A.B. asks: 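My questions will all concern the structure given below.
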Amino acid sequence: MKIALFATCIVDAMYPRVAQATVQILERLGHEVVFPAGQACCGQMHLNSGYFREALPVVENHVKTFEAGFDGGEYDVAVAPSGSCVASVKHQHAMVARWAVEKGERRADATLEARAAAVGDRTFELAQLLTDVLGVTDAAAQLGSYLPGTIAYHPSCHGMRLLRLGDRQLNLLRSVEGLDVVDLPEADQCCGFGGTFAVKNADVSSAMLADKVANICGTGAAACAGGDASCLMHIGGGLSREQRTTAGDAPVRTLHLAEVLASTREHPLTFDGGLALAGSPAGGAR
Amino acid sequence: MSSVSLGIPAVPPRGFGNISAVEPFPQAAHRELGNAQLRENLGHATHTIRDKRLRVVSELPDWQALRDAGSAIKTEAMSRLPELLTQFEEQFTARGGTVHWARDAAEANRIVEGLIRETGSDEVVKVKSMATQEIGLNEYLEERGIAAFETDLAELIVQLGHDKPSHILVPAIHKNRTEIRDIFLREMPDVDPALTDEPRRLAMAARAHLRRKFLSAKVAISGANFGIAEMGTLGVVESEGNGRMCLTLPETLITVMGIEKVLPRAQDLEVFMQLLPRSSTGERMNPYTSLWTGVTPGDGPQNVHVVLLDNGRTRALADRHGRSALHCIRCSACMNVCPVYERTGGHAYGSTYPGPIGAILSPLLTGVEAEENSSLPYASSLCGACFDACPVKINIPEILVHLRGEDVEAKHGRDAGPGGADRAGAKSSGRRRGLPTQMDVALGAASWALSSGDRLGLLEKGLPVARALAGRDGKISRLPGLGAGWTQSRDIPAPPSESFRSWWKKRQKDAPPADGDGSTRGPATGGATSDGATEGEAQ
Ligand code: SF4
């Protein structure tokens with residue numbers, strides 16, 4: 001299958017290794033990955049902040065870029081390593097197109113709503129694509145995924161509630177050889193990111209983050225895995241700050257689902273020259 | 001346009017009363033977050049009720065179908081509102097009651113005061129009601145020499161403590177039992193000075209205090225959970241029996257009901273009497289459900305009135321993207337599951353309606369261009385827990401985003417264009433047209449950069465420069481301006497030296513995809529080891 005990768009802006013600019021890992025996984029399964037060069041961002045930050053007018057060109061660019069490849073037969077589906085961005089593509093793009101028409105915006109395009117919906121229909125979150133389309137149920141057997149250690153898993157809100165991913169990400173993580181996924185208390189609670197919410201309501205956001213960080217640290221896991229780089233950046237930023245004041249502990253990392261799945265016996269995920277979860281108690285035992 | 005067929009005036013009047021924030025949400029939240037006692041009480045209370053709700057909801061195999069039914073009935077009621085209200089008035093009047101129409105809080109208060117005066121009484125007992133909280137009836141009457149006694153236990157605590165409710169169902173959720181005992185000792189004239197903080201004893205003290213009021217009161221004031229159009233029947237759902245006392249003992253009964261509470265048929269109660277108790281208190285069945293239809297000679301109140309309250313509801317109804325907020329049955333499930341409410345409590349929202357529903361309903365009633373409510377739609381991380389919990393499926397996150405859009409437009413004097421010209425109040429002088437904020441500038445620039453792969457790619461060439469911002473530990477821990485909100489509790493990893501886009505381009509050049517299967521599985525993707533492009537870790 002030919003698969004278009006929508007890297008998402010945050011992964012493209014801040015976490016390229018997550019997109020690289022996504023490419024590895026898909027190619028390992030024998031699929032061809034295409035990176036449509038015109039892509040940039042889903043526009044979610046603008047949309048969720050109420051800046052619909054500013055979101056419109058971002059959405060237009062996404063729709064135009066991806067529909068061209070669909071129409072030209074360059075790929076069959078698109079995938080993004082983010083539940084949140086996929087939810088925006090699936091649900092919000094048509095909404096902002098409709099908004100522009102209703103408001104009589106200068107840029108309004110009556111065809112955009114249907115085109116956005118068509119692109120949305122063929123766009124998948126990574127775990128969704130792997131599970132529902134590519135039939136991956138056992139990451140160790142089908143992808144050779146191997147990562148010794150213990151992790152906690154945070155199911156991000158938009159994947160959980162807007163895409164209804166259910167246990168897809170968790171099940172994939174559980175099927176990684178050597179990996180122990182421990183229960184995270186209050187896992188379904190928001191980490192407090194919420195885009196510009198984190199700066200507009202920084203105090204409440206920080207209070208939510210503090211509880212998430214405490215819950216993660218309480219599990220004793222060496223890392224917290226998730227499917228959204230943005231939430232992981234938020235949680236990771238809190239973990240990093242926390243450790244600054246509680247020196248001595250091994251740093252608790254955040255890992256993207258794609259990185260975990262891409263890790264193999266031959267090429268295990270490493271950081272700073274060591275195994276990614278080297279500090280993990282289970283990691284030492286295996 | 002649909003608003004014409006609904007009989008909605010071109011610019012529906014805004015609501016007034018206790019439906020406005022008193023200060024911007026972030027500021028109020030900051031203060032409330034500092035109250036450790038409040039956070040402990042709230043954390044405990046919301047978690048208990050969450051678990052209870054989940055348990056009783058999961059018992060019902062048809063819960064989702066019930067939610068769909070509740071949503072459908074409310075949608076029908078709102079689309080037939082003028083007709084249903086007229087029908088309700090006819091039926092209520094035919095059975096001996098009197099119907100009054102109130103445009104806003106001031107008018108409703110005046111009507112109620114007049115009705116009390118006619119009885120010659122200067123004391124009323126009250127059943128817990130959101131509508132009378134909303135219009136500030138107690139304060140209004142007090143200023144005019146009429147004493148209103150709350151009879152719901154939690155409302156009594158709040159009233160005796162000269163406090164404001166912080167939760168729509170558990171108004172004293174922010175108080176623990178020791179605080180309650182202290183309030184009783186201070187405020188109840190003939191309370192036992194040896195009163196302990198044992199819940200049973202507290203309830204007994206309140207009971208003794210209230211019993212005298214029930215037996216002597218000539219006038220009762222209530223709200224209503226439902227008004228059944230086909231029969232002219234009003235309904236109150238409560239769990240202490242105080243409502244039943246108020247609704248049956250006094251001679252005069254005055255009910256203040258928001259116009260959105262009307263339901264077409266008695267049969268509709270079947271759905272709501274399953275949805276409401278399970279969503280609100282986590283109970284399978286509601287303890288006291290009182291329904292009354294006009295006057296029954298020789299039985300119960302003989303002088304029965306209802307005040308139908310608009311106070312911005314027509315305005316909310318005119319907003320096609322926000323109108324479903326009027327479907328709310330005030331169960332409080334959304335606030336119980338809300339991570340923001342859990343930490344700030346209800347007072348931070350200013351309005352009678354706190355939590356997620358308050359963050360949309362208050363601005364819808366006043367108009368989001370009312371400065372005081374313009375920060376409420378941002379009081380959410382859009383996690384979606386409220387939408388999942390709502391028994392009538394109000395898509396609160398979507399309405400929050402819609403209202404943010406309205407706020408941005410109102411604030412910055414954006415011309416809505418031809419389609420927006422008839423929007424209520426959109427062109428009125430009340431709009432705050434201001435200079436661009438930091439957020440405007442930042443998001444404006446981001447829009448330019450993020451609407452083209454070339455432009456984003458060009459900017460990403462600056463990543464190595466941004467990398468230099470990081471400290472020796474590879475982290476950015478202090479940013480100026482808006483970014484300071486982020487770095488107050490969070491580091492940012494040093495950006496990578498190369499974007500994915502740039503890495504991909506090189507890789508394609510090194511190993512151009514040939515025709516045929518698997519050709520792009522080149523050596524470039526050998527392992528997951530972090531390479532030069534990926535030092536930026538999430539930490
Ligand atoms: S919005 Fe929904 S969940 Fe919240 S109080 Fe109203 S009915 Fe209940």
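What you are looking at is a predicted structure, and each value in this text was computed from that prediction instead of being measured. A note on names: the letters A, B, ... follow the listed sequences, proteins ahead of strands, and every chain is numbered from 1.
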A.B. asks: So which atom in B/L450 and which in A/V58 form the shortest heavy-atom distance, rounded to 0.1 Å?
C.D. replies: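 Closest approach of B/L450 to A/V58, heavy atoms only: O-CG1, 3.4 Å.
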A.B. asks: With side chains defined as the heavy atoms from C-beta onward, is the minimum distance between B/V340 and A/M208 less than 4.5 Å?
C.D. replies: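 In contact.
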A.B. asks: Quick one: what part of A/H91 sits under 4.5 Å from any heavy atom of chain B, side chain, backbone, both or neither?
C.D. replies: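 The answer is neither part of A/H91.
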A.B. asks: Should B/D440 and A/Y51 count as side-chain neighbours, where that means a heavy-atom distance under 4.5 Å?
C.D. replies: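 Yes - at least one pair of side-chain heavy atoms lies under 4.5 Å apart.
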A.B. asks: Identify which of B/G457, B/G485, B/S451 forms the greatest number of heavy-atom pairs closer than 4.5 Å to chain A.
C.D. replies: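 Heavy-atom pair counts peak at B/S451.
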A.B. asks: Below 4.5 Å from any heavy atom of chain A, which atoms of B/S502 appear? Answer side chain, backbone, both or neither.
C.D. replies: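 Neither part; nothing is under 4.5 Å.
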A.B. asks: Under a 4.5 Å heavy-atom cut-off, does chain A meet the side chain of B/A446, its backbone, both or neither?
C.D. replies: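 Both the backbone and the side chain of B/A446 come within 4.5 Å of chain A.
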A.B. asks: Hey, does the side chain of A/R241 reach the backbone of B/S477 with a donor-acceptor pair shorter than 3.5 angstrom?
C.D. replies: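 Between the backbone of B/S477 and the side chain of A/R241 there is a qualifying donor-acceptor contact (under 3.5 Å).
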A.B. asks: Taking C-beta and beyond as the side chain, do B/R507 and A/Q20 meet within less than 4.5 Å on heavy atoms?
C.D. replies: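 No, side chains not in contact.
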A.B. asks: Out of curiosity, A/K200 NZ to B/M439 CE, how far, rounded to the nearest 0.5 Å?
C.D. replies: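 The CE atom of B/M439 is 4.5 Å from NZ of A/K200, to the nearest 0.5 Å.
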A.B. asks: Please determine, among B/D388, B/L33, B/T344, B/L463, the option with the most heavy-atom pairs under 4.5 Å with chain A.
C.D. replies: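 Highest number of heavy-atom pairs under 4.5 Å: B/D388.
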A.B. asks: Walk me through whether A/C9 and B/L456 qualify under side-chain contact (heavy atoms from CB on, under 4.5 Å).
C.D. replies: CA-CA 8 Å; A/C9 65; B/L456 181 58; 4.3 Å; yes
A.B. asks: Walk me through whether B/I492 and A/M14 qualify under side-chain contact (heavy atoms from CB on, under 4.5 Å).
C.D. replies: CA-CA 10 Å; B/I492 297 178; A/M14 293 294 289; 4.1 Å; yes
A.B. asks: Of the listed residues (B/G453, B/S381, B/S375), which shares the most heavy-atom pairs with chain A below a 4.5 Å separation?
C.D. replies: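 Counting heavy-atom pairs under 4.5 Å, the top option is B/S381.
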A.B. asks: What are the two closest heavy atoms between B/P496 and A/P16, and how far apart are they?
C.D. replies: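 That closest heavy-atom pairing would be CG-CD, 3.5 Å.
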A.B. asks: Under a 4.5 Å cutoff for heavy-atom pairs, which residue among A/E186, A/E60, A/H62 has the most contacts with chain B?
C.D. replies: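 Looking at each option in turn, the highest pair count goes to A/E186.
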A.B. asks: Does any part of the side chain of A/S49, heavy atoms only, come nearer than 4.5 Å to the side chain of B/L443, both counted from C-beta?
C.D. replies: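 Yes; the side chains approach each other to less than 4.5 Å.
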A.B. asks: By a 4.5 Å heavy-atom criterion (distance strictly below it), what part of B/E32 contacts chain A: side chain, backbone, both, or neither?
C.D. replies: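 Interface part for B/E32: neither.
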A.B. asks: Taking all atoms of both residues into account, what is the closest heavy-atom pair of B/Q488 and A/S206, and its distance?
C.D. replies: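 The answer is NE2-OG, 3.4 Å.
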A.B. asks: Would you mind checking which part of B/E460 comes under 4.5 Å of any heavy atom in chain A, side chain (CB onward), backbone (N, CA, C, O), both or neither?
C.D. replies: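 For B/E460, the side chain is the part near chain A, not the backbone.
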A.B. asks: Got a sec, which residues hit salt bridge (charged side-chain N to carboxylate O under 4.0 Å, His left out) with A/D203, two or more places apart in sequence or on another chain?
C.D. replies: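 A/D203 satisfies salt bridge (charged side-chain N to carboxylate O under 4.0 Å, His left out) with no residue once adjacent residues are dropped.
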A.B. asks: Let me know if B/R39 has heavy atoms under 4.5 Å from chain A in its side chain, its backbone, both or neither.
C.D. replies: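 The answer is the side chain of B/R39.
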A.B. asks: For chain B, find which of A/A108, A/A258, A/G192, A/P57 contributes the most heavy-atom pairs closer than 4.5 angstrom.
C.D. replies: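 So the answer, after comparing A/A108, A/A258, A/G192, A/P57, is A/P57.
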A.B. asks: B/R31 versus chain A, heavy atoms under 4.5 Å apart: side chain, backbone, both or neither?
C.D. replies: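 Neither; nothing under 4.5 Å.
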A.B. asks: In the structure I gave you, are the side-chain heavy atoms of A/R98 and B/H321 within less than 4.5 Å of one another anywhere?
C.D. replies: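 SC-SC contact between A/R98 and B/H321 ruled out.
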A.B. asks: Show the numbers, then the answer: is there a side-chain contact (heavy atoms from CB on, under 4.5 Å) between A/F52 and B/V401?
C.D. replies: CA-CA 10 Å; A/F52 299 165; B/V401 170; 3.8 Å; yes
A.B. asks: Taking the side chain from B/R490 and the backbone from A/A198, do they hold a donor-acceptor pair closer than 3.5 Å?
C.D. replies: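 The answer is yes, because a donor-acceptor pair under 3.5 Å joins these two groups.
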A.B. asks: Looking at every non-hydrogen atom in both residues, tell me the closest pair between A/Y15 and B/P493 and how far apart they are.
C.D. replies: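 Nearest heavy atoms, A/Y15 then B/P493: OH-CG, 3.4 Å.
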A.B. asks: I'd like to verify something: which residue of A/L5, A/D211, A/T65 has the highest number of heavy-atom pairs under 4.5 Å with chain B?
C.D. replies: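 Sorted descending by pairs with chain B, the first entry is A/D211.
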A.B. asks: Taking atom CE of A/M233 and atom CG of B/D491, what is their separation to the nearest 0.5 Å?
C.D. replies: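 Those atoms lie 11.0 Å apart.
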A.B. asks: Check A/V204 against B/A29 and note the closest heavy-atom contact, atom names and distance.
C.D. replies: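 Minimum heavy-atom separation between A/V204 and B/A29: CG2-CB, 3.7 Å.
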A.B. asks: Taking side chain as C-beta onward, heavy atoms only, is B/E398 less than 4.5 Å from A/M95?
C.D. replies: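 No - every pair of side-chain heavy atoms lies 4.5 Å or more apart.
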A.B. asks: Is A/R265 close to chain B through its backbone or its side chain, or both, or neither, when contacts mean heavy atoms under 4.5 Å?
C.D. replies: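 For A/R265, there is no contact with chain B at all, as no heavy atom is under 4.5 Å.
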A.B. asks: For residues A/E54 and B/S447, report the shortest heavy-atom separation together with the two atoms involved.
C.D. replies: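 For A/E54 versus B/S447, the nearest heavy atoms are O-OG, 2.7 Å.
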A.B. asks: Do you know which of B/L400, B/I476, B/D454, B/T487 has the most heavy-atom pairs under 4.5 Å to chain A?
C.D. replies: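 Ranked by heavy-atom pairs under 4.5 Å with chain A, first place is B/T487.
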A.B. asks: Can you tell which of A/G194, A/S84, A/A13, A/A7 has the highest number of heavy-atom pairs within less than 4.5 Å of chain B?
C.D. replies: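 Option with the top pair count is A/A13.
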A.B. asks: Got a donor-acceptor contact below 3.5 angstrom from the B/R501 side chain to the A/Q39 backbone?
C.D. replies: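 Judged by distance alone, yes, a pair lies under 3.5 Å.
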A.B. asks: Using side chain to side chain contact (heavy atoms under 4.5 Å, CB included) as the criterion, point out the one residue from A/T196, A/N201, A/N48 that pairs with B/Y378.
C.D. replies: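 Of all the options given, the one that passes is A/N201.
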A.B. asks: Specify whether B/W504 and A/F35 have parallel, tilted or perpendicular ring planes, treating 30° as the upper limit for parallel and 60° as the lower limit for perpendicular.
C.D. replies: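 Rings of B/W504 and A/F35: tilted, 30 to 60°.
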A.B. asks: Using the side chain to side chain contact (heavy atoms under 4.5 Å, CB included) criterion, which residues pair with A/E74? Sequence neighbours excluded.
C.D. replies: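 With neighbours one apart ignored, the set is empty.
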A.B. asks: Which of the residues A/V199, A/D188, A/D12, A/V11 is involved in the greatest number of heavy-atom pairs with chain B at under 4.5 angstrom?
C.D. replies: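 Most heavy-atom pairs under 4.5 Å with chain B: A/D12.
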A.B. asks: Select one option (side chain, backbone, both, neither) describing which atoms of A/L56 are under 4.5 Å from chain B's heavy atoms.
C.D. replies: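 Contact with chain B is absent: no heavy atom of A/L56 under 4.5 Å.
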A.B. asks: May I ask you to name which of A/A19, A/C190, A/G38, A/G238 has the most heavy-atom pairs under 4.5 Å with chain B?
C.D. replies: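 Greatest number of close heavy-atom pairs with chain B: A/A19.
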A.B. asks: Determine whether B/C383 and A/Q189 satisfy the following criterion, side-chain contact (heavy atoms from CB on, under 4.5 Å), listing intermediate values before the conclusion.
C.D. replies: CA-CA 8 Å; B/C383 80; A/Q189 291 294 299; over 6 Å; no
A.B. asks: Could you check whether any side-chain N or O of A/H158 sits under 3.5 Å from a backbone N or O of B/L382, counting only pairs where one atom can act as donor and the other as acceptor?
C.D. replies: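 At least one qualifying donor-acceptor pair exists.
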A.B. asks: Tell me if the CZ atom of B/R478 is crowded by more than 12 foreign heavy atoms within 6.0 Å.
C.D. replies: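 Open.
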